[in-house]
Amino acid sequence: MQDSDYVLEARGVTKIFGNHTALDAIDFGLRPGEVHALLGENGAGKSTLIKVLTGAYQPDAGGVFVDGALVTLDNPLHAQTHGIGTVYQEVNLLPNRSVAENLYLGHQPTRFGLVDHRKMEKAAKTLLERYGLAIDPSSDLGSHSVAVQQIVAIARAVELSGKVLILDEPTASLDRNEVERLFEVIADLKKSGLAIIFITHFLDQVFAISDRVTVLRNGRLVDTRQLDSVSRTDVVRLMLGKDIAFSGATDLEPERPTTDVLLDFKSYGRKRSVHPFDLTIHKGEVIGVAGLLGSGRTEMARLMFGADPADQGTITVAGKPTAIRNTTDAISRGFGFCPEDRKAEGIFGDLSVRENIIIALQGKLGWFRALNRDEQLEIAGKFGEAMDIRAASLDMPVKLLSGGNQQKVILSRWLATDPAFLILDEPTRGIDVGAHAEIVRTINRLRDDGMAMVVISSELDEVVAYSSRIVVMRDREMVAELRGKNINPGVIVQAIANSADEAQP
Amino acid sequence: MKRSLRPLAATAIIFIIAYAASVVQFPGLLSTRVLGNFLTDNAFLGIAAVGMTFVIISGGIDLSVGAVIGFTGVLVAVLISWLGIHPLLAFVIALGVAALFGAAMGLTIHYLQVPSFIVTLAGMFLARGGASVITQDSVPINHEFYSTLTGLIIRLPGGGRLSFIGLLMVAVFLAGALLAHRTRFGSYVYALGGNAVSASLMGVPVARTTVQIYMLSSVLAALAGIVFSLYTSAGYPLAAVGVELDAISAVVIGGTLLTGGYGFVLGTFVGVMLLGLVQTYIIFDGTLSSWWTKIVIGVLLFLFIVLQRIIFAASAPGEKSPEKV
């Protein structure tokens, strides 16, 4: 690797937030004319690295080099003048303005101080034709599909920067045809010598268009590899951690008698979110859900809970066909859901521990059967003790608690409603080891009490430890159901990586 | 037709129908005299509404407009009548004060991240209070320059008169339309109203644009105040109370989306004319209480908000759900 080859390079970039090291001495080089995939789970440091490369953050150590020269990038606009353009997952353009104006905003051609619309639209038309888009440049951007908007965003970024294009999950909201369209555009840009950083969660897409891949984990550089020399399994292993044991198979929990079917999903799905899936869940069973981020795990959980209503398929609860159109329906049928993003979707930070615990129960009871303070205190106290929530007082705001205790508060909230079916999305993320073990113990205890659960987790060892069965998600599709003996994280990694493999023995 | 043009078209059609219906009932409405008075009587409202259009397109609101009109009227009257300053210099001072006032509001809105509603509400109290501190009474203006300006009229066939202030309003509307649709500043205003985050990522100078928008609104409000003092030949601290609300109504009826991002300066012109028509009709009728104006404006406003909701919500863009292949 000669340094002079790189059009954009990060050398020993370190970024520290408080006492959390988000990036730890990352080296990253980008060659002209290559598509370089950047991979990593949530919190691996991908977006932090991108923010450093585009000037949104300043590195605490190390530096960014453009064409071999050290540069200080003040902000994304400044990065643009160095030739670095970015297209974000959410199209950051103006749906209320014309396509042409979105391409040239801030750089509109003017005559006598007035914007020359005709000239601008002509230029826009020529530019878009290069991307194979034959749309009217004077039409509102918002009247076009997300894919078209995405291409317009790319056209703008390339037009204004021209050396490096950073694509931050550009395919997240596109369908398969649109993705192919986008890939053609990327391939053309690559041919013209542009260097492209491609961030995605879809492994298929990485293998479809990338030349090299860099994997980050926990803020550290795991490796940069030539893509034609690695297999899918290697990449998954790099992302999830090399220390995954590929020997020492564990048996899953014994399956329960099939008489106690609690839930039966039949070709249950939602367009653009989750492919229809079939899943039968028995009482006292924990279904582990494995898959990479963005594989549709969370979408499946939200679908089951009615947070996003299904638009196809049927659901049978305890033998009775029902419809779950919203979360109120789900709660009244005894469902509970602990979401992945605790802070944004789980806790009410400013409310007390007590209020956070009783809120779902109160929601279930309705307006007219308000729990009085004594009842609230009793319920909150009972679960606070049972779950070992460590708070100075039940009346302190829940945002002051640690992540593990917050998670226990959310679990208590649902347990207070006496649910028959509980969905846990990444229940152990971002909490300390002790709380982690307690959560896992609680899951085991609830299962033995006969509760049905769906648990999503990136930690494969943990999934194996408590699941009765494991379903594997990939590309928003349920691709495998693993059951029986001899299940270990290695088998799961294999299932995540393989395209067509069915359940392993 | 573009979606964003539809509310404007609806306003124009409603105006034509309403005008035609009024003319059928009172043929006297169709005269150059009435049309000329339309412009003169609504000049101050129209000028203030141009500034308000920019503010609303950018996603904000300016509640200080009416108070700035009142303050400017008092300031100009005091400068001319008490201090003997020439009206032209008084105008320059008043516009300068308003520019600083608007800039202060814009800076507060941008840097302290306070909603424009609150900041301009404070501005409204400041300006109205300031005017009342200077004087509690109406200050008459008797200056020959004022007589000259009000004497500048173009006589139309049929007895109509195009006054200086009426023409000034038309000029402000034309300049405003040019500014909104043909300059970079105009495109930045729309960009802010569309999505402020995207706008800043696309390189829109958000701080500068925000300050300029509120400066523009206050300066135009001050110009409206000058026009109002020409119209009434006096400055009164409680003048133009609630005019900001009339201006907002005219802007919304003219097809500008209250949430920002869409709108036309010339649509506001039609909105102002529609409000003027309602008032003139009620005067012609003679039996109706003038409060009926408020009721009609209320109904119109409600109608247009519903209309915009339907047009903009029914066809949410980019929402197609093709099957995966």
Side-chain angles (χ1 to χ4, degrees), chain A residues 54 56 75-78 80-81 86 88 90-98 101-108 110-117 120 138-150 153 156-157 160 173-180 270-273 275 311 475-477, chain B residues 1-7 56-59 174-175 177-209 256-257 259-264 308 311-325:
Chain A
T54 56
N75 55 49
L77 286 178
H78 187 213
Q80 215 169 57
T81 62
T86 314
Y88 304 91
E90 302 294 327
V91 183
N92 272 301
L93 294 179
L94 303 162
N96 59 328
R97 301 308 285 162
S98 74
E101 193 166 307
N102 272 290
L103 284 170
Y104 293 109
L105 186 75
H107 308 266
Q108 296 110 317
T110 53
R111 220 171 51 178
F112 312 122
L114 296 179
V115 173
D116 190 341
H117 283 284
M120 181 168 85
S138 66
S139 55
D140 278 1
L141 183 77
S143 64
H144 297 288
S145 70
V146 181
V148 169
Q149 297 187 26
Q150 196 71 262
R156 179 184 166 91
L160 296 182
S173 44
L174 304 185
D175 69 29
R176 214 164 276 184
N177 282 328
E178 292 169 335
V179 168
E180 272 168 28
R270 177 179 164 85
K271 275 176 195 156
R272 300 208 121 193
S273 167
H275 268 256
D311 53 16
D475 280 358
R476 301 167 184 166
E477 207 167 343
Chain B
M1 192 195 294
K2 276 196 187 180
R3 285 183 315 147
S4 51
L5 276 169
R6 283 182 215 157
I56 293 182
I57 288 175
S58 81
L174 292 177
L178 207 61
L179 188 63
H181 305 301
R182 293 297 302 274
T183 63
R184 282 190 189 165
F185 169 76
S187 63
Y188 293 160
V189 174
Y190 282 95
L192 282 188
N195 185 334
V197 177
S198 293
S200 77
L201 281 173
M202 288 172 81
V204 171
V206 177
R208 197 178 79 203
T209 309
T256 296
L257 205 62
T259 44
Y262 296 92
F264 299 93
Q308 289 183 347
I311 288 173
F312 282 91
S315 52
E319 267 300 317
K320 53 190 192 94
S321 51
E323 290 277 9
K324 270 193 179 184
V325 276

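Just so it is clear, the values below take in all heavy atoms, side chains as well, and ignore hydrogens, waters and symmetry mates. In the text below, chain A, chain B and the rest are named by the order of the sequence lines, each starting its count at 1. Small disclaimer: the values here were computed from a predicted structure and weren't measured.
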query: Can you say whether A:Leu93 sits under 4.5 Å from chain B via the side chain, the backbone, both, or neither, judging by heavy atoms?
result: both

field: Which atoms of A:Asn102 approach chain B - backbone, side chain, both or neither, heavy atom under 4.5 Å
entry: both

statement: Heavy atoms of A:Leu94 and B:Ser198 approach each other most closely as CD2-CB, 4.2 Å

query: So how far is it from A:Arg97 CZ to B:Ser187 OG, rounded to the nearest 0.5 Å?
result: 7.0 Å

- prompt: Distance-only, no hydrogens or angles: does the B:Arg182 side chain make a donor-acceptor pair with backbone N or O of A:His117 under 3.5 Å?
  reply: no

message: Return the CG to OH distance between A:Asp140 and B:Tyr262, rounded to the nearest 0.5 Å.
response: 5.5 Å

Residue list, ring-ring contact (aromatic ring centres under 6.0 Å, His included) with A:His107, at least two apart or on another chain: none

Reported CG-to-OG1 distance for the pair A:Leu114 and B:Thr183, which is rounded to 0.5 angstrom: 7.5 Å

- prompt: Short question: side chain of A:Asn96, backbone of B:Tyr190 - any donor-acceptor pair under 3.5 Å?
  reply: yes

task: Taking all non-hydrogen atoms of both residues into account, name the closest pair between B:Val197 and A:Asn92 and its distance.
output: CG1-OD1, 4.5 Å

message: Taking side-chain contact (heavy atoms from CB on, under 4.5 Å) as the definition, give me every residue that meets it alongside A:Arg270, ordered by chain and number, with sequence neighbours left out.
response: A:Ser273, A:Leu303, A:Asp308, A:Pro309, A:Asp311

- line: Between A:Leu105 and B:Ala191 the two heavy atoms that sit nearest each other are CD2-CB, 4.0 Å

